[in-house]
Each structure stands twice: as structure tokens, then as C-alpha cells.
Amino acid sequence: MTTQTLDTPVRTDDFPPELAGYLAEFDDVNTVMSAAEVVRDAGYTRWDVHSPFPIHGMDEAMGIRPTILPWLVLAGGLAGLGGALLMEWWMNAYDYGYMVSGKPLFSLPAFIPIMFEATVLIASLTAVFGMLFLNKLPMLYNPLFKSDRFRRVTNDRFFVVIDATDPKFDEVETENLLRSLNPLAIEQVED
Amino acid sequence: MSEHTEHSHATSADERIELGQAAWPVYNIAKIAGIVGILAALLLGFFEDHTFRRFFFAYLVSYAFFLSIALGGIAFVLMQHLTRAGWSVSTRRAAEAMGATMPILAALAAPIVVSLFLNNGALYRWAQPVPAHVEGESQANATQPGAERLVEQKPAGTDGEQVANSPDRQELKTEHPSAHGVPPLDEIILKKRIWLNPVFFTIRLIIYFAFWCWLAMYYWRQSVLQDRNDDFRITERLQTLSGPLTLVFFFTLTFAAFDLIMSLDPHWYSTIFGIYFFTGCMLAVFASLVLVFTLLQRLGYMTSSVNTEHYHDMGKWLFAWTFFWGYIAFSQFMLIWYSNIPEETSWFVHRGASTRLQDVNGWSWVSLALLFGQFLIPFPGLLSRWVKRKKGSLVFWACWILVFHWIDVWWMISPELNGRFYIPILEIVCFIGIAGLWFATYLRFLNKAPLRPLHDPRLSEALVFQNA
Amino acid sequence: MATIRTDTPLPFTLPKLGEEYDNTSDDPRVRQPLVLGGKHFNEVTENVASISERKIHPAWVVCLLLSLGLLTVFGTMLGYLVLTGVGVWGNNNTVNWAFGIVNFVFWVGIGHAGTLISAILFLFRQKWRTGINRFAEAMTIFAVMCAGVFPAVHVGRPWLAYWLFPLPNQMETWPQFRSPLMWDVFAVSTYATVSLLFWYIGMIPDLATLRDRSTSRVRQIAYGLFSLGWTGSSRHWHRFERAYLLLAGLATPLVLSVHSVVSFDFATSQIPGWHTTIFPPYFVAGAIYGGFAMVLCLAIPARQYFGLKEIITRRHIDNMAKVMLGTGLIVAYSYTMEFFIAGYSGNTFEQFHFLHNRPFGPMKICFYLMMFGNVVAPQLLWFKKLRNHLGVVMFCAIAANMGMWFERFVIIVISLHRDFLPSSWAMFYPTPVDIATLCGSFGLFFTMFLLFCRFLPMVAMAEVKTVMPESHAHSPHGEHHRWDYQPDQHSKTGPYKKGERLREVRDWTGI
């Protein structure tokens with residue numbers, strides 16, 4: 001645990017570092033939860049809470065609106081369903097029809113399994129890649145990765161991060177706000 | 001109600017959980033409707049045909065419908081104990097009471113048993129007298145199910161027309177029925193008389209109902225006992241017993257479905273049939289529970305111990321069983337359709353569920369209605385989260401599913417009457433009769449105890465849980 | 001500030017069971033802890049992540065070499081098959097499906113437990129799944145890999161296996177979608193894809209943990225690439241959780257459909273023993289039974305040797321044994337239905353198959369092995385004492401795996417070898433190639449599994465943390481409920497005192 005409350009790293013390169021935001025560290029779900037409520041109520045919009053696991057109730061505490069992902073998945077599923085039916089009809093009943101075991105060329109009962117599988121396949125692909133797309137992942141560079149402290153975000157620490165591009169961001173006031181939340185530490189994130 | 005103050009953070013202390021005198025007017029109306037309904041059905045049935053064939057079929061439809069609700073109630077209670085579920089505790093008493101109506105259903109089985117001993121095959125066509133000249137021979141066959149007998153045996157009927165059980169033959173038979181409009185026994189049915197005979201059938205019914213009545217009453221009584229003595233070990237005991245009892249319950253339910261419904265067409269068999277019927281039971285119980293709680297809450301009972309989260313969960317189960325019904329129904333239909341073995345396809349041909357145009361009949365529309373009404377429409381209908389969380393929409397789907405569950409039972413039973421499609425007026429009168437008697441019994445059980453468990457150790461969990 | 005209610009006495013105690021704490025009590029007044037040892041989040045991370053960070057243990061190398069040996073056998077046998085032809089197997093004109101398809105169904109079945117645990121148990125809010133879902137999912141994928149090999153080589157000319165896919169070609173033909181074998185192609189490939197996605201998506205946060213803990217550049221880059229830049233953002237978690245729920249909702253019917261479609265391969269035919277309507281749910285139950293057996297076969301040693309006893313606890317084993325018992329009973333129910341309906345049907349051929357040829361025919365030994373593994377052995381699991389005995393559970397799990405293999409053998413081979421026409425009856429005898437290929441497929445399975453244990457997070461750390469009591473924000477009243485999963489009070493270090501550690505830190509930083 002560092003003794004500094006505000007880290008200002010010494011930089012030696014030619015490009016002066018830009019302030020990307022503040023992070024405040026917590027080690028307890030309750031505190032970070034109430035901190036999120038404070039930041040939300042203070043009117044910030046470009047900020048986030050980082051945690052090692054999803055926290056139940058954090059969506060409300062942060063005021064996150066429901067994602068549109070379910071609708072994308074529905075669309076994907078319907079595309080799979082319709083696509084499979086079209087494919088089966090076109091390939092077996094239209095383009096290359098031949099009789100097998102007395103079944104009609106267009107045999108709906110026999111087409112259903114593949115329609116179902118295609119629905120699930122396309123919907124699942126949409127769910128996964130839609131989620132990654134909406135989350136703007138993969139994004140292998142992130143200024144947060146420069147912070148040693150932040151490496152515990154995937155272990156046991158919780159961070160409130162306020163982005164410097166937030167319209168309400170102010171170096172002093174934001175820091176004061178974060179201080180008032182009783183964090184373990186506050187750190188400047190530099191880009 | 002000082003005993004629930006420990007749950008006061010979730011339940012308002014003034015929640016009404018005792019039905020009390022308010023139930024009596026409804027109880028009386030239901031009872032009268034039940035008796036009048038049954039009498040009217042008997043009368044109508046007599047005018048329809050003097051052997052009461054149509055009445056028996058119509059009666060069986062609604063009887064099986066309410067039996068499925070009661071069986072679903074038992075299954076629900078067993079499942080909750082088996083999985084040590086917390087969410088459902090406050091909804092469990094209503095389901096326990098549904099199961100506890102089993103004794104009245106046992107009594108209402110009387111007409112079915114009577115039909116057997118009329119010995120004319122009015123309901124179950126295997127329940128006919130075995131022709132004297134084949135009796136000895138058929139008994140011999142039945143005890144040794146030899147392969148060659150089937151081919152060698154001479155036609156057993158009186159007019160010599162029924163040789164094999166191909167669908168074409170059966171259609172012929174229905175057009176030229178014997179004495180009571182019932183095709184006479186053929187050699188396949190004679191082989192099955194060892195299982196399908198009135199005495200053994202009645203013994204089996206007695207076994208099923210004895211077990212179900214005991215099971216339902218035991219779980220209901222123990223649960224009520226816990227209200228008084230606050231003993232958590234009751235829950236522990238019910239949990240421990242739920243495993244083996246579920247096993248026995250599932251077997252009795254399956255064989256009851258084989259006996260009561262599948263044997264209406266004694267030639268036909270399907271190994272999945274028990275699961276199909278069970279799925280109907282689960283649909284029926286979750287739909288009924290949604291309606292029961294909505295009704296109770298509208299009347300001012302259980303206003304806080306059953307909340308949106310419970311409706312959401314019951315809605316999820318309705319959705320899940322709707323999907324499962326589609327899965328089981330499709331599996332049964334598709335496998336029989338694909339293999340195209342005449343002795344199996346005949347069952348679907350009777351119901352007009354065929355991809356051959358010449359098989360289309362009045363029942364085809366019911367089959368299609370079932371496909372859409374029991375699966376294709378409610379499936380997307382119940383998909384969204386808000387549908388399950390809004391009471392109005394959930395009640396709509398619960399009613400919808402109950403209606404189509406009744407149609408499902410009707411579709412399983414009535415085409416075996418003579419293959420013709422009837423407007424189900426007699427069926428509806430029978431429904432009113434059995435519904436009245438069943439509901440009156442249900443009210444009595446609801447009235448005998450608080451509407452939810454008072455001291456189940458997981459009650460507080462049920463009162464505050466939230467869906468993710 | 002609210003604290004976890006550890007001061008007030010709880011109505012249960014955790015009896016000691018050897019060196020482990022027993023959290024298997026079914027006392028209805030409380031939910032038992034799922035993570036033992038007084039762990040806080042950091043200890044969970046440490047426990048799991050260190051498996052892939054410490055030095056390679058010689059025992060692991062020995063196991064890997066053994067598995068690689070078996071894998072070599074597998075490769076050799078497949079090579080021999082491809083170069084020579086399917087004639088090297090014992091299949092004949094009557095029994096035209098045998099070991100190849102038996103092994104396929106066996107491995108696909110095993111592949112069902114992972115998705116069941118991650119999807120169905122997720123929808124059922126069974127929180128104990130978090131301890132075992134990761135490696136069960138991994139097992140699923142490896143089992144599906146093993147399964148996929150068999151139909152591919154069974155087609156005779158595996159280099160033309162791509163004909164199974166609807167690709168435009170110079171012959172202007174298309175696949176026959178009315179054939180159940182085509183359904184299989186779609187079902188199994190969809191299942192493999194979705195399982196892989198499910199597994200990988202769930203692993204991203206844990207890969208990020210390994211990335212953040214890594215000390216070497218190589219590990220940092222490797223885990224960094226695969227964790228896609230995950231930062232644990234709540235906005236990301238929101239969509240992540242939604243995607244996970246949707247995937248669970250999609251994978252649940254998928255897992256039902258896959259083995260149903262496999263069962264359709266048989267049940268759409270007319271052969272007694274193959275054609276019966278209960279096949280779809282019966283196959284699914286059997287798959288889950290066999291799959292859970294395999295999870296137990298892997299979990300019991302893995303928790304022992306990788307030091308995961310406090311994350312994969314007795315309760316997890318107990319629950320899995322219960323699932324095995326339940327699904328085993330569904331399988332027994334299905335057998336009963338098959339036999340009863342065969343008798344009830346009055347159909348000569350059904351009766352011959354079920355009442356004569358299975359129990360008394362020339363391959364009756366397979367039938368009895370199946371009955372032993374699937375019906376008799378799981379009955380031991382009714383008893384809590386036996387479920388608590390790891391040896392007994394392991395025995396049942398191995399018996400179940402054996403029983404499920406023989407079940408597929410009974411269904412496929414016994415049904416085929418004596419069909420309607422006695423003149424076409426024939427026996428089946430496996431060749432050494434058959435047996436070596438079966439054994440070799442275990443080499444592929446175990447090699448993959450060992451590599452997974454070493455290089456990937458074996459337990460879903462992020463998910464395990466969500467079932468720990470510390471992960472929940474307290475209610476406004478500041479109380480912690482009895483029905484929340486409890487912290488383990490009997491560990492040597494004692495329960496984690498949240499308030500104390502926090503105070504210490506605050507004093508230190510002077511805030």
C-alpha cells in the first residue's frame with residue numbers, strides 16, 4: 001500500500017503527459033456503491049466504476065441504461081431462422097429437388113431442426129460479437145493500464161474513474177469530490 | 001398476526017392471508033354450478049346417444065384437464081422441496097391446496113370406472129366382452145406373446161373385417177361400426193387384454209389415486225402443521241422424502257396417462273406420452289397459480305407476499321414449459337411422421353395431423369390451432385421480460401395457455417370417439433360441472449389454512465428475493 | 001457502517017470432515033457457504049491464478065506424456081484408417097454402424113455437462129455452478145472435439161467431408177436437409193461454436209486477472225491479447241452480463257436440441273430399439289448423466305492436486321452427485337418405458353428386441369454392464385454418507401461413464417445386428433483398431449485438459465467472487481440475511497473482518 005494519496009509520476013520523455021482522468025480506489029462493495037451514487041448525482045457522464053466482478057445493483061447506482069443487445073440478438077435469431085428456411089427450401093425444394101423416402105420436397109417437419117440450430121447459431125454469434133462491439137473491445141491500449149494500482153481491478157479492488165473529457169471535470173473539484181468518498185487512494189491517470 | 005413481524009421489512013403486517021367467511025358465497029355458487037353442470041351433462045349425454053358414449057368422452061376431457069392441474073400442483077410442491085427452492089415458498093400453499101383436491105378427483109373418477117363395467121366399450125373400446133369362441137385362444141396368446149401368432153391368428157371379430165390395424169382399416173371400421181358404434185375387439189387388442197382389462201385397470205386406478213391422495217394430503221398437512229409448531233425439521237423431512245416420492249409420482253403419472261388417455265386407442269403406443277402429459281400438467285399448474293394469485297390479490301389477499309418477482313418467475317416457468325411442450329410435441333410428431341409406420345401414424349391421422357391432403361378432417365384445424373396456440377404464439381408472446389412482470393399481460397397468457405391446454409386434452413381424447421369432429425358443447429357443460437366441484441373443493445382447502453406458509457424457514461428468502 | 005453478521009450466532013455449525021469443512025448440510029434455515037477457508041477476493045484469485053503461475057510440477061509432465069502417448073495411438077489409428085479404409089474396423093454389412101458412432105455419441109454426450117452447468121444451472125440460479133463451470137465448459141469443448149473426429153473419419157473419404165456443408169460445387173448438388181445426418185452436422189457444429197464462445201466469453205475477465213498478475217513479458221502479451229483489454233468497467237459488465245444471460249437462454253434449448261438431434265439419427269428409422277418416441281429427452285438425460293460423471297471424474301482429482309478444495313467444496317461434489325442420481329433415474333425411467341411399451345405394443349419385433357435380444361441375446365453382457373452403470377450404481381448416491389465419500393462418488397462416476405458407453409453400444413449394435421430379417425443377422429466383433437481408437441480418443445481429451453489446467457484459469461474467479469457474501473452491497477437496513485451464502489466461520493484465519501482491514505488502511509493513508 002502506497003503512502004501517497006496523490007501520485008504524480010515523474011516523466012522524463014519529451015511529450016508532456018496529458019491528464020486522462022482520476023481514479024479512486026476502494027476495497028469494499030458498499031463504499032464503492034455509495035460512491036457511484038454520489039458521482040452519478042453530481043452529474044458526471046463520462047465516468048465508470050471498475051470492479052473484479054459484476055456488482056448487483058451497480059447499474060442503478062450508476063444510472064446505466066439497459067443495453068440494446070437483446071434486440072440485436074432477436075434480429076440475429078430471426079435472420080438465422082428465416083435464412084435457414086430459405087436455404088432449405090431453395091436447395092432441396094427448388095434448385096436441386098429429388099425424392100427421398102417419400103418425403104415431400106418441402107418437408108417442414110424435417111427442416112425444423114436445422115432452422116432451430118441456425119437460429120441459435122446466428123443469435124449467439126450476435127450476442128457475443130454484439131457485446132464486444134458495444135463495449136468497444138478489443139481495445140488493447142488503455143491509459144488505465146499505466147497505473148500499477150489499477151492492476152488489482154481484476155483481483156480485489158474497486159475503482160471509480162472520472163474521465164478528463166467529462167464536461168463537468170475540474171481538476172480540483174473532481175478531486176475534492178473523490179476525496180469526500182473516502183477512497184483508499186486517489187491517482188491521476190495520464191495518457 | 002404477531003408471528004410474522006420478523007418478516008415485517010418485506011410484508012406489511014396487515015396483509016390478509018386468511019380467506020375466512022368471504023369464500024363461502026363463491027364456494028356455494030361453485031358447488032351448485034358443479035352439480036347442475038354434471039346433471040345437465042348427463043341429460044344432454046342421454047339425448048345424444050343412449051349408451052352415453054359421447055358423455056363419457058366429454059367427461060373424460062374435463063376430468064383429465066382438472067386432474068392435470070392437481071397433478072401439476074403435486075409436482076410443483078415436490079419440485080420445490082427437491083430443489084430446496086427459496087423463491088417459491090410464499091406461493092407454495094396455493095399449489096399444495098391444488099394437489100389436495102386429489103380426493104374429489106378420485107371420487108369423480110367413478111363414471112370412468114362405471115363405463116368399464118358397462119362392458120360395452122363405450123369409453124375404452126378394449127373394455128368389451130371377449131367373444132366366447134376366441135376367449136380361450138386369446139388368453140393363451142396373451143400369456144405368451146409369440147411372434148408368429150400375430151400372422152397366423154384368424155380374424156377375431158364378428159364381421160371378419162378387422163384384420164390388421166392399418167389406418168385405412170380403422171377408417172373402414174368407424175364407418176361400419178358394430179353394435180354400439182364401437183369397433184369390436186381385434187386380435188391385437190385381445191393380446192393386450194392382459195394389461196387392458198376392466199379389473200386390472202380399476203386396481204391400477206385405485207393404486208394411483210391412493211398414492212396421490214396420500215402424497216398430496218401429506219405435504220399439505222405437514223405444511224399446515226409447520227404453521228402451528230414452527231418446526232424447521234418438517235421442511236427437512238419433506239425435502240428428504242421428495243426425492244423418492246418424485247420418482248414414484250412420475251411413474252404413477254406416466255402409467256395413469258397411458259391408462260386414462262393413451263389406451264383410448266388401444267393399438268397406439270408412444271413411449272414419450274407420459275412426458276407429454278406431464279408437460280401439460282406443468283403448464284396447467286403455473287397458469288392456474290398465476291390466475292389464483294391475481295384473483296386473491298384483487299380481492300385483497302396476499303397483497304405483499306406474492307409480488308412481481310414471483311409473477312416473473314412463474315412467467316418464466318410458463319415460458320419454459322411452453323418451450324418444452326413444443327419440444328416434446330414436435331419430437332413425438334416428427335418421429336412418427338418420419339418413420340411412417342402405419343400403426344403409429346394412425347393416431348395422428350385420426351387427428352388430421354398429417355402432411356397428406358387426403359387426411360385432412362375437422363380435427364386438422366384443432367391440430368393446427370394447437371400448434372399455433374400452444375407453442376408458436378405464446379412462445380414469442382412470453383419471451384420478453386416485461387410481459388412476465390406486468391400482471392395484465394401475464395394473466396392474458398395464463399388464460400390463453402389454460403384454454404389451449406384444455407384444447408390439448410380434448411384433442412388427445414375426443415378424436416377417439418368416432419373420428420368425427422363435434423362442436424364441443426357437451427364438453428363445455430361437463431367442464432362447468434367438474435370445474436364447479438373442483439373449484440369448490442379447492443376453495444375449501446384454501447380456506448382451511450393461511451394462504452401462505454407462516455413459518456417455513458425459507459419464507460423470508462421468498463419475500464425479498466429479486467430477479468437479476 | 002454495516003458489517004457482515006458474523007457476531008450473531010447462526011443456527012448451524014460446520015462439522016469437520018477429515019481435513020475439510022463439511023458444508024453439505026441441508027438445514028433449511030441457512031444457505032451454506034460456497035467458498036471455504038475464510039477467503040476474501042484476493043485469496044480466491046491467489047488460489048486459482050497461482051496454478052498457472054507456479055513452476056511446472058513433474059507429476060503434470062508425466063500425465064501429459066502419458067496422454068500424449070495415447071494421443072499418438074489415436075493419430076496412428078486414424079492415419080491407418082484413412083490410408084486403408086473403414087474395413088479396418090469391425091463394422092460389417094449388418095452392423096454398419098458400430099464403434100465409430102458409439103464413440104461419437106459417447107463423446108457428444110459427455111460434452112453436455114459443461115453447457116448444462118453454465119447455461120441451465122445459471123438460469124436456475126444455482127450459484128454453486130460457479131466453482132465448476134469453467135473446467136466443465138472446457139471439458140465440453142474437448143469432448144466435442146473428440147466426438148467430431150469420429151463421423152468425419154467414418155464417412156470413408158474424410159478429405160471429402162466438406163461435402164456435408166452447403167457449399168456451391170461443380171456438381172451442382174446440395175446437401176439433403178431431410179436427412180437426420182445433416183441435422184447432426186448443423187447441431188454439432190453449432191454446439192461446438194456456441195460452447196466455445198460461451199467458454200471464451202466467460203474467461204475474458206479471468207484472463208485479464210492473469211494478465212494483470214503476470215510478471216513475464218510473454219505472459220503479459222499472451223494474456224493481454226486474449227483478454228481483449230478488459231478493464232472490469234461496469235458499463236462493460238452490464239452488457240457482458242446481458243450477453244451471458246442471452247447466451248444461457250440460447251444454449252439451454254441448444255443443449256436439449258443437440259442430443260435430441262443425435263437421437264433423431266436413430267429414432268427416425270424403423271428399427272426396433274432405434275425407433276421410439278422417448279429418445280430425444282432420454283438421450284438428453286443420459287448425456288447429462290454421463291457428462292456430470294465425467295465432470296466428477298475430473299473434479300475430484302483436480303481439486304485435490306491443484307489445491308482447490310475450498311472452492312470446489314464438498315457441497316459441489318454433493319450437488320453434482322445429486323444431479324447424477326436425478327438424471328440417472330430419468331435414464332432408468334426411459335429404459336422402463338421402452339421395455340414396458342415393447343411389451344404393451346403387441347409388436348412382435350419390438351418384443352423380440354427388448355424382451356429377448358437385449359437381456360438374453362448374444363451380446364447380453366453389454367446390456368448388463370449398461371444396466372449396472374446406469375441403473376444400479378447411481379442408487380448408491382441416494383445416501384448422503386456415500387455422496388460424501390469421494391471414493392464412492394468416483395466409483396459411481398466411472399461406472400456411469402462405462403454404463404453410458406455401453407448404452408450407446410447396446411442401442412446401436414444390438415439393435416442392428418438382429419433386425420426384421422433373420423437371414424441378415426450377424427454378430428459384431430471389434431478389431432484391435434476399434435479398441436485402440438477408442439482408447440486413443442481419451443489421449444486427445446486428457447492432453448487438451450491438462451494443457452487447459454496449466455495455462456488457463458481453471459475456475460471462473462470473477463463468478464466465484466459474486467457468490468461470496470462480501471460481493472453484495474448491504475440492504476438499506478444494513479443487515480445481512482440468513483439466506484445469503486454465509487462466510488465460512490471455522491477456518492484457521494477466521495472470517496475476514498472487513499471493517500478492521502478497512503480501518504487499518506485508512507489510518508495508513510491518512511484519509
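None of these values were measured; they are calculated from a predicted model. A, B, ... follow the sequence lines: proteins, then strands. Residue 1 opens every chain.
With a 4.5 Å cut-off on non-hydrogen atoms, B/I275 touches chain C through its backbone and its side chain both. Looking at B/Y327, the atoms closer than 4.5 Å to chain C (heavy atoms on both sides) all sit in the side chain, from C-beta outward. At a 4.5 Å heavy-atom cutoff, the contact between B/F255 and chain C is made by side-chain atoms alone. Contacts between C/Y282 and chain B at a heavy-atom distance below 4.5 Å are absent for every atom of the residue. Neither the backbone nor the side chain of B/I189 comes within less than 4.5 Å of any heavy atom in chain C. For chain C, the nearby parts of B/S263 are the backbone and the side chain; heavy atoms of each come within less than 4.5 Å. Only the side chain of C/F124 comes within less than 4.5 Å of a heavy atom of chain B; its backbone N, CA, C and O stay farther away. Neither the backbone nor the side chain of C/F352 has a heavy atom closer than 4.5 Å to any heavy atom of chain B. With a 4.5 angstrom heavy-atom cutoff, C/V284 touches chain B only via side-chain atoms. The contact between C/S345 and chain B is made by backbone and side chain atoms together, counting heavy-atom distances below 4.5 Å. Heavy atoms closer than 4.5 Å to chain C are found nowhere in B/A320, neither backbone nor side chain. For B/F323, the part lying under 4.5 angstrom from a heavy atom of chain C is the side chain only. Interface residue C/T336: only side-chain heavy atoms are found under 4.5 Å from chain B.
Among C/Y344, C/F279, C/W382, the residue with the largest count of heavy-atom pairs under 4.5 Å with chain B is C/Y344. Ranking C/S334, C/P253, C/G326, C/A342 against chain B, the residue ahead of the rest is C/P253, based on heavy-atom pairs under 4.5 Å. Heavy-atom pairs under 4.5 Å with chain C peak, among B/T83, B/I336, B/L196, at B/L196. Contact count against chain C (heavy-atom pairs under 4.5 Å) is highest for B/M334 among B/Q332, B/Q239, B/M334.
Heavy-atom minimum distance, C/S25 versus C/R315: O-NH1, 3.2 Å. Heavy atoms only, all atoms of each residue included: B/K192 and C/G346 are closest at CE-N, 4.2 Å. Across all their heavy atoms, B/L238 and B/Y219 have their closest contact at O-OH, 2.8 Å.
To the nearest 0.5 Å, atoms OG (B/S223) and CG (B/L454) are separated by 9.0 Å. One finds the OH atom of B/Y269 at 8.5 Å from the OG1 atom of C/T276 (value rounded to the nearest 0.5 Å).
B/S346 and B/H267 share no donor-acceptor pair across their side chains, judged by distance under 3.5 Å alone.
Judged by distance alone, the side chain of C/R358 and the main-chain N or O of C/I411 form no donor-acceptor pair under 3.5 Å.
Taking the centre and axis of the six-membered ring of B/F200, the NZ or CZ atom of B/R204 falls inside the cone set by 45° and 6.0 Å.
For the pair C/Y335 and C/E407, the minimum side-chain heavy-atom distance is below 4.5 Å. In this structure, the side chains of C/I341 and C/F354 stay at 4.5 Å or more apart for every pair of heavy atoms. The shortest distance between side-chain heavy atoms of B/T235 and B/Q226 falls below 4.5 Å.
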